[in-house]
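Quick notes on the structure that follows.
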Amino acid sequence: MPEGPELHMASQFVNRVCGGVVFSGAVEKSEVSKNPEVPFACTAYRISAVSRGKEVRLTLTPIKDEGAEGGGGKPMDIVFRFGMSGFFRYTAQDELPKHAHLRFYTKEKPGKVLSFVDIRRFGSWEPNGTWQAERGPCVMFEYQSFRDNVLSNLSDRAFDKPICEALLNQKYFNGIGNYLRAEILYRLKIPPFVKARTVLEGLLPRDYAELDVKPVKGGCASPQSPEISLSKKVKLKRESPDLLNLCHTVPLEVIQIGGKGYDPEKADYSDFEAWLQCYYVSGMKSLRDHNGRTMWFQGDPGPMAPKASKSPKAKKRAKKTGDGENDAQVVQEKEPAKKVKEEKESKRKQRRKGKEVQSDRGTPSPVPKRKMSQSRKTPTAGQAGEKFQRSESESRPEPVLNKPAKPVQGTRGPSD
DNA sequence: CGTCCACGTCTAC
DNA sequence: TAGACCTGGACGG
């Protein structure tokens, strides 16, 4: 479940199922978890949650007067990070999910339990914790400070890296993860391995003096300006959101879809899958970044793309693909070979076509079915780099454009 | 059976 | 900048 949208949906889930519910007793940790015990016990308390980027904070609040006995305690915050597989579930007490590493029990009788489930145990929690200090503002709910934090720190060496790698730096992009970086860069057709600073410098606010128009608000229309009017620029701006805008709106789109976001195990995964335009989509290229994470993209990888493979992993990989060792690149055109097979398979399944929906409900296959269609179809052709970032239209703080705009949805992208 | 891969951090050479 | 930390599903033999 773990990028910003999933963390936020998890907090919504907790508030929904725990609203009005009274919990009681001690918080229970599984034996196997290496995370700390949660020293909280109370005869009656409530649970609420909030999220920030890739963290969720639960607040356990003792209910006063309720029994008066143990209700005298103070509230406790527990900050969670989900690792690769964390999520919350609410079940009957006799149906504890496997890998439920932290449990909160209800007081009411049909005994229920809120569990923090984490199959791989990369997740963590901190009793009496606070938002991790090194993490920046939330890309979804602290947009302005998130934006300011990035643009006022462009000299940081974090931006010496390729933009796709900088986007995973939670000090600046709290909430962005591997599928979001792919989707965001794809929307703007920004080559993933272009230096981050190069991309972001173009978003720095400029003085109005540099523009040949005044920051007139409202109707305005000083008709004398032969140049493009401000309103037009603003309009243009709105019609072409910049990278930082998308770091905010793209995650919000995922929340809009509802469901559980990235979670192939869940039945409602198909809507999310249909929403993906690049990540794990057949026809897209993929390449390991310098940290070994798979970057999905289309077109030109950009000048800082990893060249030689050196890590053992990379070597293995190269070997596997039968490449010599001069390994030209790890770029996988089309599908990663095995994907081809999958495609065939899903094609078979696809005979179900009611439309061209490639979702195969009924089969909760954990592996994302690649999208079909849009294999090639004369896409943006060359466009390579240089086409991206057609700024020039200036950018300033900018009001949060709220365009819930549900993209394509049906299938592939209509826009090019 | 084995290898590869996965929504993310962490910390140790 | 490598591993380390984990489980489990897909796929190959």
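Just so it is clear, the values below take in all heavy atoms, side chains as well, and ignore hydrogens, waters and symmetry mates. Fair warning: this is a prediction, and the values are worked out from it, not measured in the lab. By convention in this document, chain letters (A, B, ...) are assigned in the order of the sequence lines, proteins followed by strands, and residues within each chain are numbered from 1.
Of all the residues in residues 130-140 of chain A, not one reaches under 4.0 Å from DNA chain C with any non-hydrogen atom. Proximity of residues 93-104 of chain A to DNA chain C (heavy atom under 4.0 angstrom from any strand atom) is restricted to A/Lys98, A/His99.
For A/Ile119, the side-chain atoms get nearest to C/dG8 when compared with the rest of B/dC7, B/dT9, C/dG8. Comparing C/dG8, B/dG8, B/dC5 by their closest approach to the side chain of A/Arg288 singles out B/dC5.
For the pair A/Glu142 and A/Arg52, the salt-bridge criterion is met [side-chain N within less than 4.0 Å of a carboxylate O]. Between A/Glu95 and A/Lys112 there is no salt bridge, since no side-chain nitrogen of the basic residue lies less than 4.0 Å from a carboxylate oxygen of the acidic one.
Judged purely by atom type and a 3.5 angstrom limit, A/Gln170 uses its side chain to pair as donor or acceptor with the backbone of A/Leu168. Between the side chain of A/Asp77 and the backbone N or O of A/Asn128, no donor-acceptor pair lies under 3.5 Å. Side chain of A/Asn153 to main chain of A/Asn149: a donor-acceptor pair is present (N/O by atom type, distance under 3.5 Å, no hydrogens or angles).
A sub-4.0 Å separation between OP1 or OP2 of B/dC7 and a side-chain N or O of A/Arg293 is present. For A/Gln170, a side-chain nitrogen or oxygen approaches OP1 or OP2 of B/dT9 to under 4.0 Å. Side-chain N/O atoms of A/Arg120 include none lying less than 4.0 angstrom from OP1 or OP2 on C/dC5. Taking 4.0 angstrom as the limit, A/Arg81 places a side-chain polar atom (N or O) nearer than this to OP1 or OP2 of B/dC10. Put simply, A/Thr294 has a side-chain N or O that comes within less than 4.0 Å of OP1 or OP2 on B/dA6.
With contacts defined as side-chain heavy-atom distances shorter than 4.5 Å, the pair A/Leu185/A/Phe297 does not qualify. In this structure the side chain of A/Leu58 reaches within 4.5 angstrom of the side chain of A/Val14, judged on heavy atoms.
Legend: residues meeting side-chain contact (heavy atoms from CB on, under 4.5 Å) with A/Glu28, ordered by chain and number and at least two apart, are A/Arg103, A/Tyr105.
Side-chain contact of A/Glu253 with A/Trp275: a donor-acceptor pair under 3.5 Å is present, judged by distance alone.
Spacing between atom CG of A/Asn291 and atom C1' of C/dG3 amounts to 12 Å, rounded to whole angstrom units.
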Please tabulate, one pair per line, all N/O donor-acceptor pairs under 3.5 Å involving side-chain atoms of residues 113-126 of chain A, not counting sequence neighbours.
from, atom 1, to, atom 2, distance (Å)
A/Asp118, OD1, A/Ser85, OG, 2.7
A/Asp118, OD1, A/Arg121, N, 3.2
A/Asp118, OD2, A/Phe122, N, 3.4
A/Asp118, OD2, A/Gly123, N, 2.7
A/Trp125, NE1, A/Pro36, O, 2.8

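For DNA chain B, the stems formed by at least three consecutive Watson-Crick or G-U pairs, with both atom-pair distances below 3.5 Å, span B:1-6 with C:7-12, B:8-12 with C:1-5.
Within the structure, salt bridge (charged side-chain N to carboxylate O under 4.0 Å, His left out) contacts touching residues 161-182 of chain A (residues at least two apart or in different chains) are A/Asp156-A/Lys171, A/Arg181-A/Asp289.
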